[in-house]
Protein chains: 2
Amino acid sequence: MTAADDDEQAPRRGAPAPPQRTPRGTLSREVLLDAAMEIVRIGGADAFSMRALGGRLDVDPTAFYRHFRTKNELLDALADILIEGDEPLPATGNARADLRASLHQLRHSLLRHPTMAAVILRRPPGGRAYWARANHALGLLRGMGLSPEEATALYQTLLFYCLGHVLSEARAVAAAVARDRRPGTPTSTFNPPAHQLPDLAAAVPFLRSDTLTQFDTGLDLIMRAAPA
Amino acid sequence: MTAADDDEQAPRRGAPAPPQRTPRGTLSREVLLDAAMEIVRIGGADAFSMRALGGRLDVDPTAFYRHFRTKNELLDALADILIEGDEPLPATGNARADLRASLHQLRHSLLRHPTMAAVILRRPPGGRAYWARANHALGLLRGMGLSPEEATALYQTLLFYCLGHVLSEARAVAAAVARDRRPGTPTSTFNPPAHQLPDLAAAVPFLRSDTLTQFDTGLDLIMRAAPA
DNA sequence: ACCTGAACACCGTTCAAGT
DNA sequence: ACCTGAACACCGTTCAAGT
């Protein structure tokens, strides 16, 4: 029915070559998070498992459970690291520009690990960085003259738009990476069946040309609802 | 670091009591899709596996592979069934109302299987119903006087907003269901750390009060960008 | 105190063999 | 032609035992 192609699993598994043995007593949340991020960076989200993590640190896979309650707890911590990003929250004094920049930071950081985005977005939010970003954005919107209620509504709209956009971009990037590793897999998503669907056909030229510009266009549309 | 609670796995696995033996030669994509949907309806997305599917139809788990290439291909087909929903695309003649109704349909249908939403949204889109909905919405926007480019931009903004919102709602519903099955698990998401974050504290009363109204509020904000 | 190792109860998928 | 069954190469997590 769907022209479902191959899938994004299997061609890369496990972590290669433990770089250095982890001495007894030096395992910590931080060490585990770093190793997990490395595994994801090298092999994508599918390469990450308890056994890969243990292998990378040359430690028994179950040593993990001294430091995290479950794998999902580690994923939540990874999520918050990505949501935080590398840069401080923008504070130029221009509320509109700062808000836009914060959402750009979020998008950019999540897209640095595109195979991770879907994994992270299926977890409930609630990390430190997540709330810090919310507080920052809400403050900016209130500074633009919006009431708490208006600010909340507009922030949620921006955030949900941002998450949907990033999820969609990340899927495309992850699929492209998978295709690259194992060529010959067709991409169905951008051969939409435009016959019989004239309005879709007319839209095709404007799909996915430049995703950053597209992202901004949506932000602008939503921000029209804010006072100048 | 995060107040990560328990997780949504494990308490319900496998399909209970095969309702009737499936005679040789009657297995089909449709039968498999129906059984898969039943498993998800009863036990959530985690309950679905090849072995559960085989068990439910009283058939060897690997018989599946005569009809689908992979599990993900079946997930894509399930996704398109949910995206299609039960009702026909709205066509009252009021473009604005029809567009809103289509997005409500999509939200409603995805939320009927909340544990499935995250699974489905991590797959690339591209099913028949997905494109049909896109074509329908684009036609409505063009009918409101927008150019193909404007219509595409506005539709994508609405769609990404809708997906982000539904993903967020579905996570909350799925977590609530899991909490119900195994009580005592706290919800961190709606105890945001409002101390030290004054603008977040001011927003708390307006979070998650009525998610349908909230959804509509965002749609309205975005639709302000369209001509009256 | 911290880690190991075996074990448990699962996965998705392949392929030779059966009917 | 269609399905079975064993097998492969994995999972996340628990718990008694070791150091």
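The sequence lines fix the lettering, A, B, ..., with proteins before strands; numbering per chain opens at 1.
- Between Y161(B) and F215(B), the ring-plane angle classifies as parallel under the 30° and 60° cut-offs.
- A salt bridge (Lys or Arg N to Asp or Glu O under 4.0 Å) check over residues 101-116 of chain A, counting only residues at least two apart or in different chains, returns the pairs D86(A)-R112(A), R107(A)-E169(A).
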Pairwise N/O distances under 3.5 Å, protein to nucleotides 16-19 of chain D:
from	atom 1	to	atom 2	distance (Å)
dG18(D)	N2	R24(A)	NH2	3.0

Pairing string of DNA chain D (Watson-Crick or G-U wobble, both atom distances under 3.5 Å; | = paired to other strand) is ||.|||||...|||||.||
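- The distance between atom CG of D58(A) and atom C1' of dC3(C), rounded to the nearest whole Å, is 13 Å.
- Between the side chain of R128(B) and the backbone N or O of D80(B), no donor-acceptor pair lies under 3.5 Å.
- Atom name C1', nucleotides dC10(C) and dA9(D): the rounded distance is 13 Å, in whole Å.
- Evaluation of atom-type donor-acceptor distances gives a pair under 3.5 Å for the side chain of T62(A) against the base of dG5(C).
- Map R51(B) and P61(B) each onto its nearest nucleotide of DNA chain D; the residue landing nearer the 5' end is P61(B).
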Intermediate values then yes/no, side-chain hydrogen bond (donor to acceptor under 3.5 Å, both in side chains), T62(A) and D60(A): CA-CA 5 Å; T62(A) 63; D60(A) 191 275; 2.6 Å; yes
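- The two residues G44(B) and T115(B) come nearest to each other via the heavy atoms CA-OG1, 3.3 Å.
- Nearest to the side-chain atoms of A63(A) among the listed nucleotides dT4(C), dT4(D), dT13(C) stands dT4(C).
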